[in-house]
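Indexing begins at 1, ligand by ligand and atom by atom, following the structure's order. Given the structure is predicted, the values throughout are model-derived calculations rather than measurements.
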Amino acid sequence: MDKLRIIGGRALAGEVRVSGAKNAALPILCAALLTEKPLALDNVPRLMDVRTMAKLLAQMGVEVGAQNDGRMELQAKGIKEPVAGYEMVKTMRASVLVLGPLLARCGRARVSLPGGCAIGARPVDQHVKGLQAMGADITVERGYMNAAAKRLRGARIAMDMVTVTGTENLMMAATLAAGTTLLENAAREPEVVDLANCLRSMGAKIDGAGTDTIRVEGVASLAGAKHRVMPDRIETGTYLAAVAATGGKVRLTEAAPDTLEATIEKLREAGAKITACGSEITIEMTGRPRSVSLTTAPYPGFPTDMQAQLMALDCVGQGTGTITETIFENRFMHALELQRLGADIAVHGNTAVVHGVERLQGATVMATDLRASASLVVAGLVAQGETLIDRIYHLDRGYEGLEHKLAGLGARIARVR
Ligand code: UD1
């Protein structure tokens, strides 16, 4: 199994291009199910999760073109099998995003329940409740959701909590429903907006994406479209956190600074100088960071997907940072691994108190999920000596060319087998 070897202690410098957003690309790939016409995408990141989604769609009969320089074309002329099996859904929970589009287009779908995952229970009850409100008949049998509806009809759906993929699933389903759907307490994440923009180019009638109430007027059919996937704000934030930890000066290009305000604010509080101009962000950091405290929240709050990276920063901060996780239970597994590098972290329930230490020492650590892995990379870059990160397949799910991008900034990092 591949590992990452990092020799820490070197400041980062140079320029790095931000990739397309994984969490925008995944729902947008599923949007191809809503039309028999081609959907031509650009800026699709080369990631394991994208390959998994492409494979899942191909299994259903979608023609998926080769991914070439960020471009990818999909066409769902006919759908043979509106089924997402356990083998796929268990490796990637976002597979559940096929449920809404399949039901809207084919009138039936069979999708495995995702089951537990490393960062908590993560149920899909809101997806199911919303589709039921739109007239779907959904039964759960032997770990599968079996859904059927002649034609979904518009409904007013008030979600019990803010769910990103839940909002996306219901928004996609509503585009082909009869009548108007109102999604209340909708997720305001930029990736929801990017999906809405893609659906609108396909002819969907959607208002309010980016606010907590989304209104979708169903249409009889959708057309093909071209769409460029938005920049990955979490990848961007991860590189910014790395520079804040190691020091140095880095320019990020093809980014979307306006989607990163909560992260940028925290990194400024930690002492980083960050300027944004158009699609470029420059970060400059000297000296040891100041510890920061934060609480994760749905957008525009501080993203749970950046929590682990900021914890890594706090590990070497001056002072004490308190980190509270409100989105996912059990999302502190990285704390134990960071402790192996010499971090001083006390976890009490959903709060971690991090006392900054002057230096971390390299060690062998294990990645437990995608963003936890990213935090180990940030910590490894600043730790003295060699850090060996095991199970980096998690990183390959969500970071395009991570070790090449970091090596390009002067980090001593290599993939070893
Ligand atoms: C998405 C992101 C993930 C990010 C998360 C929160 C994708 C592919 N993944 O995940 O990277 O960490 O948003 O920003 O976009 N919940 C329920 N019932 C439901 C749905 C959710 O109880 O039906 C709960 C979850 O257990 C969790 C919270 O709601 O506690 C938020 O989850 P959600 O926003 O749905 O996360 P994902 O969409 O899976």
Side-chain angles (χ1 to χ4, degrees), residues 20-31 45 47-50 52-53 56 88-100 111 113-133 138 140 145 157-173 183 185-196 212 229-230 232-235 237-238 259-260 262-263 295-309 324-334 350 369-375 394-395 397-399:
K22 169 179 91 72
N23 285 355
L26 295 176
I28 288 170
L29 289 171
C30 296
L47 298 171
M48 188 55 83
D49 273 8
V50 166
T52 305
M53 188 63 90
L56 175 63
M88 295 302 254
V89 181
K90 83 167 186 218
T91 58
M92 188 183 63
R93 201 180 170 281
S95 315
V96 76
L97 282 165
V98 298
L99 178 63
V111 175
L113 284 169
C117 80
I119 60 172
R122 301 184 85 172
V124 289
D125 55 306
Q126 301 302 311
H127 304 233
V128 170
K129 266 174 63 177
L131 292 169
Q132 282 170 333
I138 304 183
V140 175
M145 296 179 275
I157 301 166
M159 283 169 278
D160 296 338
M161 79 272 299
V162 177
T163 154
V164 178
T165 49
T167 301
E168 292 165 344
N169 229 341
L170 298 176
M171 184 166 75
M172 286 193 277
L183 297 174
N185 198 21
R188 292 182 279 167
E189 267 65 3
E191 293 77 13
V192 173
V193 178
D194 203 31
L195 171 64
D212 62 3
V229 175
M230 67 173 281
D232 197 310
R233 65 192 166 102
I234 305 300
E235 186 201 26
T238 302
T259 63
L260 275 148
T263 302
T295 299
T296 62
Y299 192 84
F302 189 89
T304 175
D305 286 351
M306 281 300 303
Q307 179 255 104
Q309 299 87 316
T324 305
E325 172 59 56
T326 69
I327 310 289
F328 294 115
E329 65 206 79
N330 210 1
R331 203 177 198 180
F332 280 148
M333 277 101 55
H334 44 281
N350 69 341
D369 72 45
L370 175 54
R371 307 306 170 185
S373 320
S375 79
H394 291 292
L395 282 170
R397 288 187 43 208
Y399 288 91

What atoms of ligand 1 come closer than 4.0 angstrom to any heavy atom of [X]?
X      : value
Ile327 : 27 (C), 28 (C), 30 (O), 31 (C)
Arg93  : 39 (O)
His127 : 23 (O)
Val162 : 31 (C), 34 (O)
Gln126 : 18 (N), 19 (C), 23 (O)
Arg331 : 12 (O)
Phe328 : 5 (C), 6 (C), 12 (O), 27 (C), 30 (O), 32 (O), 36 (O)

Do the side chain of [X] and the main chain of [Y] share a donor and acceptor less than 3.5 angstrom apart?
X      : Y      : result
Glu189 : Tyr299 : yes
Glu329 : Glu325 : no
Thr259 : Pro190 : no
Asp232 : Lys22  : yes
Asp212 : Ala186 : no

Quiz item: For Leu97, is the nearest heavy atom under 4.0 Å from an atom of ligand 1?
Solution: no

Quiz item: Below 4.0 Å from any atom of ligand 1, is there a heavy atom belonging to Gly166?
Solution: no

Practice problem: Can you establish whether the number of heavy atoms outside Met48 located under 6.0 Å from its atom CE is more than 12? | Solution: no

Quiz prompt | Nearest neighbour of atom 29 (O) of ligand 1 from the list Glu325, Met161, Gln307, Arg371, on a heavy-atom basis | solution = Met161

Quiz item: Between the candidates Ala94, Pro123, Pro303, which shows the shortest non-hydrogen contact distance to atom 26 (O) of ligand 1?
Solution: Pro123

Hey, does [X] come in under 3.5 Å of ligand 1, counting only N/O atoms on both sides?
X      : answer
Val164 : yes
Thr304 : no
Glu168 : no
Thr165 : yes

Quiz prompt | Criterion side-chain contact (heavy atoms from CB on, under 4.5 Å) on Arg371 and His334, from CA distance to verdict | solution = CA-CA 9 Å; Arg371 307 306 170 185; His334 44 281; over 6 Å; no

Heavy-atom pair of closest approach, residues [X] and [Y]:
X      : Y      : result
Leu170 : Gln126 : CD1-O, 4.1 Å
Phe302 : Thr263 : CE1-CA, 3.9 Å
Arg331 : Thr304 : NH1-OG1, 2.6 Å

Exercise. Give the contacting part of Thr163 toward ligand 1: side chain, backbone, both or neither, where contact means a heavy-atom distance below 4.0 Å.
Key: both

Quiz item: What part of Asp305, side chain, backbone, both or neither, has a heavy atom within less than 4.0 angstrom of ligand 1?
Solution: side chain

Quiz prompt | Chi angles and distances behind the side-chain contact (heavy atoms from CB on, under 4.5 Å) call for Arg233, Glu191 | solution = CA-CA 9 Å; Arg233 65 192 166 102; Glu191 293 77 13; 2.7 Å; yes

